[in-house]
Amino acid sequence: MESGVSESVIRVDTLLSIILGFVLFLDIFRKRKFFLLFLLISVIFVFFSTGNYSFPAFLYIFMIMSLLYPFHFLRSAKMSDVKILFAAINIMAIGNILAALASRVLDQSLCVNSGPSLEQVNCIIGSYGFSSQPYVFATIIATSLIIYLLFNDKISYVTLLIYFVGLGISDSRSIAFLLTISALYLLLKRSGIKFFVITLLALAGMFLVGGKMSVAYTASLGASDPSWLMRAENINNYIQWLDITKLILGGGFLSFLQFSYQYGSPGPLDMLYFRVLSEIGVLGFFLCCCIFFVQTSKSIGSQDVIFAVTSAVAKKGFYIFIFSLLAIGFFHEVLLVPKAGHMIFLCVAALSARMHQDKYTG
């Protein structure tokens, strides 16, 4: 379900997300958060008002709902729980990078068949470590780095080097560039201008050397970049597909498959805004924005959780991160992808929690 296409076998991360979303919905109901509950039920109503795939849509809505869990976790988390979570994230991110480097150096991948066709394979360890796609790899690395800078008391330059190498080999230009802005801002505030400049020069070197992340590669593609052309064509297809009902309420679950094509075959839009608008329309999009605003404006961090940055730094970091996400929405649907989407919302929750935390001290 990562790409929005219904699969015969539900992935483990998708199944766990569905369960987490259902548990979270029950918890919201139990705690009588009626306004948030009203918004969630309204989105569900719009989601089911048109379209087919009722059962997959029912499961999918809980998977998306699980993205809100980081907000609820940080409101009641103990510092010991946060340390365990941080350690797990840090270990997995570094392991992911090292696995990707090993796969590329040794030119070996560990893959298994994931479908009825021999061509349908899923690499457990490959060029992007434990991640199947470059944008997922880049998102997990970038958000893990931000979490590292938010919670870790002391910065390890070796750890930072591994993170930046991971971003340099991610092959996802938009995500690596945009999410790194927030990480660089936090690094500047944590380590001072000297190390910040050295890091910036090192990153510039990585993006100039070669490969898909290089400026030369991007410049060579220019206006003929297949990813740009595909998105432009799908925007035009979306406009042709629209009518007044679809504009307001959307076309329902997976309705974008009626007009979206990737290299000649029906596929995901790779544009968050048009994906959401095609499925739940302007009304549903507005309700989702309201849910996001409610969560971030009331995201009060537990006083037991200690951050490594001040509330002022977190506030600016929050706005930078939101700007990056708004820009990424034109290039990817990564916010809706299990694991990567959860990591993004964890960063949003942590920054907003720290931003509001001092207001409720004492």
Side-chain angles (χ1 to χ4, degrees), residues 1-11 14 46-47 49-54 56-57 59-61 63-64 114-123 127-128 131-139 170-175 178 212 217-218 220-282 284-285 288 325-338 340-341:
M1 298 180 91
E2 174 181 305
S3 62
V5 180
S6 181
E7 299 178 356
S8 58
V9 179
I10 297 180
R11 294 177 355 184
T14 302
V46 173
F47 200 56
S49 61
T50 56
N52 302 311
Y53 307 107
S54 296
L59 297 178
Y60 184 76
I61 198 71
M63 189 194 81
I64 298 302
S114 61
S117 171
L118 294 177
E119 286 76 23
Q120 291 178 281
V121 295
N122 183 46
C123 289
S127 298
Y128 305 110
S131 306
S132 58
Q133 299 291 337
Y135 67 89
V136 176
F137 178 77
T139 302
S170 66
D171 294 342
S172 182
R173 288 165 289 169
S174 56
I175 290 179
L178 290 168
K212 293 182 179 180
Y217 176 78
T218 303
S220 67
L221 294 175
S224 63
D225 189 332
S227 63
W228 287 102
L229 295 176
M230 178 269 293
R231 288 175 173 85
E233 180 182 358
N234 282 335
I235 290 174
N236 180 64
N237 292 343
Y238 168 73
I239 295 172
Q240 299 297 322
W241 172 80
L242 274 181
D243 57 34
I244 188 63
T245 302
K246 292 173 182 174
L247 176 64
I248 298 174
L249 298 175
F253 184 54
L254 299 182
S255 56
F256 58 88
L257 292 177
Q258 298 173 23
F259 62 86
S260 175
Y261 288 88
Q262 284 213 9
Y263 313 111
S265 301
L269 279 165
D270 277 348
M271 292 177 286
L272 176 69
Y273 304 122
F274 290 97
R275 163 74 184 270
V276 175
L277 287 170
S278 68
E279 291 189 323
I280 56 178
V282 174
F285 185 83
C288 287
L325 293 184
L326 291 173
I328 287 172
F330 290 104
F331 305 100
H332 284 284
E333 302 170 12
V334 69
L335 271 76
L336 306 179
V337 177

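Note that the coordinates shown come from a computational prediction; the quantities given were computed from them, not determined experimentally.
Of all heavy-atom pairs spanning Val46 and Ile280, the tightest one is CG1-O, 3.3 Å. Taking every heavy atom of both residues into account, Asn234 and Met271 meet most closely at CB-CE, 4.2 Å. Heavy atoms only, all atoms of each residue included: Leu269 and Phe256 are closest at CD1-CB, 3.7 Å.
A 4.5 Å side-chain heavy-atom check between Glu279 and Lys246 finds every atom pair outside the cut-off. For the pair Ser170 and Pro134, the minimum side-chain heavy-atom distance is 4.5 Å or more. Here the side chains of Val282 and Leu247 are in contact, with some heavy-atom distance below 4.5 Å. Residues Phe253 and Pro56 have side chains in contact (heavy-atom distance under 4.5 Å, counting atoms from C-beta outward). Under the 4.5 Å side-chain criterion, counting only non-hydrogen atoms from C-beta, His332 is not in contact with Val337.
Within the model, atoms CZ of Phe331 and OG of Ser172 stand 10.5 Å from one another, a figure rounded to the nearest 0.5 Å. Taken from CD1 in Ile64 to CG in Leu59, the straight-line distance is 12.0 Å, to the nearest 0.5 Å.
Checked by atom type, the side-chain pair Asp171/Tyr135 shows no donor-acceptor distance below 3.5 Å.
Side-chain atoms of Glu333 come within 3.5 Å of backbone N or O of Asp270 as a donor-acceptor pair.
Qualifying side-chain hydrogen bond (donor to acceptor under 3.5 Å, both in side chains) partners for Glu233, counting only residues two or more places apart in sequence or in other chains: none. Partners of Tyr261 by ring pair (Phe, Tyr, Trp, His ring centres under 6.0 Å), not counting sequence neighbours: none found. With sequence neighbours left out, Phe259 forms a ring pair (Phe, Tyr, Trp, His ring centres under 6.0 Å) with Tyr238, Trp241.
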Original post:
Would Ile328 and Val334 satisfy side-chain contact (heavy atoms from CB on, under 4.5 Å), going step by step from the backbone distance to the final call?
Top reply: CA-CA 8 Å; Ile328 287 172; Val334 69; 4.0 Å; yes

**OP:** Any chance you could lay out the side-chain contact (heavy atoms from CB on, under 4.5 Å) test for Ser260 and Asn237, step after step, and finish with the verdict?
**Re:** CA-CA 7 Å; Ser260 175; Asn237 292 343; over 6 Å; no

**OP:** Kindly indicate, with the supporting measurements, whether the criterion side-chain contact (heavy atoms from CB on, under 4.5 Å) is fulfilled by Gln133 and Tyr128.
**Re:** CA-CA 7 Å; Gln133 299 291 337; Tyr128 305 110; over 6 Å; no

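Ring pair Tyr273/Phe330: centre-to-centre distance below 6.0 Å.
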